[in-house]
Amino acid sequence: MSTTGVRTVDWIVTDLDGTLVARDKQIVASSLAALRRFMDAGGTVVIATGRSEAAALPYYRALGLTTPAILYNGARVVDLSTGTVLYRRCLGVAAWAKLTMLFGSLPEGVWPVAFSGGCAHVVSDSPALREYAHRDGITLTRIGAWGDLPFDDIVKVMMICDRPELMDPAEETVSVNVPDVTLVRSESTYLEALPPGATKGAALRELAAARGVALGDVAAIGDNPNDLDMIQAAGLGAAVGDGAEPVRAAADIVVAACAEGAVADLVSRVLP
């Protein structure tokens, strides 16, 4: 914790779900107030999330941000105030083709969602998919076949599992057959296939370099394995107190649980 009465970092980069946003899909009030205090003191806040533009925008507006947002777990950096894409990666054409051929071989109860053109696309329906759409506040666009999508503009593929025990076999199936993707777990039932090298940490490095900000002047906070390289890239990496054990083990500090003001706890350590 700073003892000088001034900020000890220039940026706070925060995950949304399970970190800043609680189970009720609302930003935790104490964390919202703390981030506003940090910005009033001249600090910059960046959100880093697996969400799409549409799913992240309500939180971006609630925070009053004008900074670029790290989206799709690092496959895009977007200025949400204008819609300008500052950094982008897509799945390779061959990887997307392999995935589409593999979808029928995934364990029963695993439901693919493909993101392209700012929309989430599905070819089927299930309670798990509807729950996911409700949670993220997005509309799932039903298409006739995966071949209907542009093969060179797939940002990421999510595999929504009916239950956590399907994650291991789903990940093994994809990793064996589609080696040219980055696989991350963003929730206990969400497996994501991203472009090679697309991570929150990689996007943070790109964005910080472009803005002339040293990573040592960045604090990053998250709760799930998809946040690991981001908190390791930052000068101060914080794990949410009720987050995944690997994240807590890798972090420089462990702060309060999400609902108890995880981000507010981090702010108190860098801006007393």
Side-chain angles (χ1 to χ4, degrees), residues 1-21 27-51 56-57 59-82 84-87 198-223 226-241 243 247 250-256 258 261-272:
M1 179 183 293
S2 169
T3 59
T4 63
V6 298
R7 287 184 293 106
T8 58
V9 297
D10 293 331
W11 284 13
I12 289 178
V13 182
T14 179
D15 170 52
L16 290 181
D17 299 288
T19 299
L20 181 62
V21 176
I27 297 176
V28 176
S30 61
S31 292
L32 176 60
L35 286 178
R36 287 176 173 165
R37 185 166 67 94
F38 181 76
M39 288 187 285
D40 287 344
T44 294
V45 173
V46 175
I47 59 172
T49 177
R51 288 174 176 258
L57 188 57
Y59 302 108
Y60 184 87
R61 288 174 171 165
L63 290 163
L65 299 182
T66 59
T67 50
I70 296 171
L71 305 175
Y72 301 102
N73 276 319
R76 290 283 192 278
V77 177
V78 181
D79 181 345
L80 288 178
S81 64
T82 64
T84 302
V85 177
L86 305 175
Y87 169 84
T199 65
K200 289 184 181 183
L204 171 57
R205 293 181 185 94
E206 292 273 353
L207 181 58
R211 297 297 172 104
V213 175
L215 289 170
D217 294 326
V218 175
I221 180 170
D223 69 314
N226 60 315
D227 299 311
L228 263 172
D229 69 326
M230 178 178 77
I231 67 171
Q232 291 172 327
L236 178 64
V240 177
V247 183
D252 298 309
I253 57 172
V254 177
V255 296
C258 172
V263 176
D265 189 357
L266 174 61
V267 173
S268 74
R269 297 168 188 251
V270 300
L271 180 68

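Predicted, not measured: the structure shown is a model, and the values here were computed from it. These values consider heavy atoms only, across backbone and side chains, with no hydrogens, waters or symmetry-generated copies. Along the sequence shown, the residues carry numbers beginning at 1.
Smallest separation of non-hydrogen atoms from M230 and D15: CE-N, 4.4 Å. Summarising the geometry of D229 relative to A202, their closest heavy-atom pair is OD2-N, 3.8 Å, with the distance given to 0.1 Å. Closest heavy-atom contact between F38 and V270: CE1-CG2, 4.2 Å. Minimum interatomic distance between G261 and S30 (heavy atoms only, all atoms of both residues): CA-OG, 3.5 Å. Across V9 and D217, no two heavy atoms sit closer than the pair CB-O, 3.4 Å. Here the shortest heavy-atom pairing between T82 and T84 reads OG1-OG1, 2.9 Å.
No donor-acceptor pair under 3.5 Å is formed between the side chain of Y60 and the backbone N or O of P68. Judged by distance alone, the side chain of S31 and the main-chain N or O of A264 form a donor-acceptor pair under 3.5 Å. Remark: the backbone N or O of I253 is not paired with any side-chain donor or acceptor of R269 at under 3.5 angstrom. The closest donor-acceptor contact from the side chain of D265 to the backbone of V255 lies at 3.5 Å or more, if one exists at all. Using modelled atom types, no side-chain atom of T199 and backbone atom of G74 make a donor-acceptor pair closer than 3.5 Å.
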Would you check, one step at a time, whether the test side-chain contact (heavy atoms from CB on, under 4.5 Å) holds for V267 with L35?
CA-CA 7 Å; V267 173; L35 286 178; 4.0 Å; yes

Please assess L71 against L80 for the test side-chain contact (heavy atoms from CB on, under 4.5 Å), listing each intermediate value before the final yes or no.
CA-CA 10 Å; L71 305 175; L80 288 178; 4.1 Å; yes

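One finds the CG atom of L20 at 5.5 Å from the CG atom of L63 (value rounded to the nearest 0.5 Å). Separation of atoms CD (E206) and CG (L86) is listed at 11.5 Å; rounding is to 0.5 Å. Taking CD1 of I47 as the start and CG of L16 as the end, the distance is 5.0 Å to the nearest 0.5 Å. The OG1 atom of T49 lies 7.0 Å from the CG atom of N73; values are rounded to the nearest 0.5 Å. Between D223 atom CG and D17 atom CG the span is 8.0 Å, to the nearest 0.5 Å. Here the straight-line distance linking atom NZ of K200 with atom CD1 of I231 works out to 10.5 Å at 0.5 Å rounding.
Shown here are the side chain to side chain contact (heavy atoms under 4.5 Å, CB included) partners of A210, two or more places apart in sequence or in another chain: there are none.
The environment of R61 atom CZ is sparse: at most 12 non-hydrogen atoms of other residues, nucleotides or ligands sit within 6.0 angstrom.
Looking at V45 and T67, their side chains never come closer than 4.5 Å, going by heavy atoms from C-beta outward. In this structure, I70 and L204 have side chains that are in contact, with non-hydrogen atoms separated by less than 4.5 Å. No side-chain heavy atom of Y59 sits less than 4.5 Å from a side-chain heavy atom of T14.
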